[in-house]
Amino acid sequence: MSNIKYEITDIAHEKYPFLHRIRALQDIGSEIKAGDLGGFVECESNLSFETGDDAWIFDNAIAAGEGCVDKGSILRERAIVCGCAYVSCDTEMSGDSRAEDYAYIGGARLSHCARVSDHGKALQSYKTKIAPILTGSCAVYGEVRGDVMLTGSVVVIMDERISNDSLDTLSIDERGRTILRAPSRDELTPHRSKGKQKKPTNRGQER
C-alpha cells in the first residue's frame, strides 16, 4: 500500500541524523493540513499511513526503531516511542514521556516524564473503556489498566498489575493510594418514577 498520508523529508534531527521530519500530504483530522511538518521518524513503519487513521507525530516528538504509532494515537512536544514499543487506540503522549523496549500503550495519557518500559502496559479498561493517566516521573514495568492515575515518582514493578474498573478514579502517588470521587456519586436519585413506586411492606409485626 502506497503512503498518501505523509512523506519523510530530508530534514534530519539535529542530534539523531538517522531521524527525519514528516510532512503531511493531505489534511489529517482537525489539526493537520496538507503541507504541515510533523515530528521525526526513522522509517514508514513507525507511523501508520492506513486510510482513515489520524495517528500523527507533532513538534519534536519521535518514533524510532521498531516502535509503532497507530489507530489515532498522537505524540506531542518531545515524546518518544522507540525499541519495539507499540502505541495504539487513541493514546496521547506529551512532554518528555517515553514508551520503550516492548511497551504496549492502548488509550492511555502520558505527560511530563512518565515512562512505560520493558514489557510494561498501560491499557484502557475492557469494561469502562477508561484508560490510565500517567504523569510526573512515574515508571511502569508491570501493567496498569482502567481508571488509574499515576503521579510523582511512583513505580509499577515487573509482574505487578493495577486495575480499576470502578466508577471512581484510583490515584496513586508517593504518599499512597486515594480515591477521587465525582460529587454526583454522593447524591441520591429516585430509582423509580413516582407513579410506579411501591409502598414498603412491613416485614415484621408490631408488638
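Scope of the values below: all heavy atoms of this structure, side chains included, with no hydrogens, waters or symmetry mates.
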**OP:** Compare every heavy atom of N164 with every heavy atom of L170, then report the nearest pair and how far apart it is.
**Re:** N-ND2, 3.4 Å
Subject >> CD1/I4: more than 12 non-hydrogen atoms of other groups inside 6.0 Å >> reply: no
Please tabulate, one pair per line, all N/O donor-acceptor pairs under 3.5 Å involving side-chain atoms of residues 59-68, not counting sequence neighbours.
residue, atom, partner, partner atom, Å
D59, OD2, E77, N, 2.8
N60, OD1, R21, NH2, 2.6

Subject >> Residue pairs involving residues 118-143 (criterion ring-ring contact (aromatic ring centres under 6.0 Å, His included); sequence neighbours excluded) >> reply: Y102-H119
Original post:
Among all residues two or more places apart in sequence or in another chain, which pass the ring pair (Phe, Tyr, Trp, His ring centres under 6.0 Å) test with H13?
Top reply: Y16, F40
Original post:
Roughly how far, to the nearest 0.5 Å, is the CE atom of M149 from the CG atom of L180?
Top reply: 6.0 Å
Original post:
Are I57 and I105 connected, step by step, through hydrophobic side chains (Ile, Leu, Val, Met, Phe, Trp, Tyr) whose heavy atoms are closer than 4.5 Å?
Top reply: yes
Original post:
Is there a donor-acceptor contact under 3.5 Å from the side chain of D173 to the main chain of R175?
Top reply: yes
Report all side-chain donor-acceptor pairs from residues 155-162 shorter than 3.5 Å, counting only partners two or more places apart or in another chain.
residue, atom, partner, partner atom, Å
E160, OE1, I157, N, 3.1
R161, NE, E143, OE2, 3.2

Subject >> By side-chain hydrogen bond (donor to acceptor under 3.5 Å, both in side chains) - contacts of D36 (at least two apart) >> reply: none
**OP:** Look at atom CD of E50 and say whether more than 12 heavy atoms of other residues, nucleotides or ligands are closer to it than 6.0 Å.
**Re:** no
Original post:
Given side chains that start at C-beta, do those of W56 and I22 come closer than 4.5 Å, heavy atoms only?
Top reply: yes
**OP:** Output all residues satisfying side-chain hydrogen bond (donor to acceptor under 3.5 Å, both in side chains) with T169, sequence neighbours left out; order by chain, then residue number.
**Re:** D147
Original post:
What about Y104 and V81, same hydrophobic cluster or not, with Ile/Leu/Val/Met/Phe/Trp/Tyr joined at side-chain heavy-atom distances under 4.5 Å?
Top reply: no
Original post:
Without hydrogens or angle criteria, can the side chains of D165 and T128 be said to hold a donor-acceptor pair below 3.5 Å?
Top reply: no
**OP:** Check the hydrophobic clustering (I, L, V, M, F, W, Y; side-chain heavy atoms under 4.5 Å; chains of links allowed) and say if L19 and M93 are grouped together.
**Re:** no
Original post:
Taking only residues two or more places apart in sequence or in another chain, which ones pass side-chain hydrogen bond (donor to acceptor under 3.5 Å, both in side chains) with T178?
Top reply: none
Original post:
Can you check side chain to side chain contact (heavy atoms under 4.5 Å, CB included) on S94 and R78, steps first, answer last?
Top reply: CA-CA 7 Å; S94 62; R78 298 162 303 281; over 6 Å; no
**OP:** Not counting sequence neighbours, list each pair that qualifies as a side chain to side chain donor-acceptor pair (under 3.5 Å) and has a residue in residues 80-92.
**Re:** D70-Y86, D70-S88, R76-E92, Y86-S88
**OP:** Quick one: closest heavy-atom pair of G35 and R23, and the distance?
**Re:** O-CG, 3.6 Å
**OP:** Establish, from distance only, whether the side-chain atoms of S166 and D168 form a donor-acceptor pair under 3.5 Å.
**Re:** no
**OP:** Supply the atom-to-atom distance C89 SG to Q124 CD, rounded to the nearest 0.5 angstrom.
**Re:** 6.0 Å
Original post:
Which hydrophobic side chains are connected to I11, either touching it within the sub-4.5 Å cutoff or through other members that do?
Top reply: L37
**OP:** Could I get the full list of side-chain hydrogen bond (donor to acceptor under 3.5 Å, both in side chains) partners for E174, not counting sequence neighbours?
**Re:** S153
Original post:
Do I80 and F58 belong together in a cluster built from hydrophobic side chains that touch within less than 4.5 Å?
Top reply: no
Subject >> For D27 against K33, the heavy-atom pair lying closest together >> reply: OD1-CA, 3.3 Å
Original post:
Between E44 and I8, what is the shortest heavy-atom contact and its length?
Top reply: N-CD1, 3.8 Å
Original post:
Are any non-hydrogen side-chain atoms of E100 and R115 less than 4.5 angstrom apart?
Top reply: yes
Subject >> Non-neighbouring partners of Y6 that pass ring pair (Phe, Tyr, Trp, His ring centres under 6.0 Å), sequence neighbours left out >> reply: none
Subject >> Within one Ile-Leu-Val-Met-Phe-Trp-Tyr cluster: L110 and I130, side-chain cutoff 4.5 Å >> reply: no
Original post:
Taking atom NZ of K5 as the centre, does the number of heavy atoms from other residues, nucleotides or ligands within less than 6.0 Å exceed 12?
Top reply: yes
**OP:** Taking D53 for its side chain and G72 for its backbone only, find out whether a donor-acceptor pair lies under 3.5 Å.
**Re:** yes
**OP:** May I ask you to check whether over 12 heavy atoms, not counting those of R185, lie within 6.0 Å of atom CZ?
**Re:** yes
Side-chain donor-acceptor contacts of residues 131-140 below 3.5 Å, not counting sequence neighbours, with atom names and distances?
residue, atom, partner, partner atom, Å
T135, OG1, S111, OG, 3.0
T135, OG1, H112, ND1, 2.8
S137, OG, G152, O, 3.4

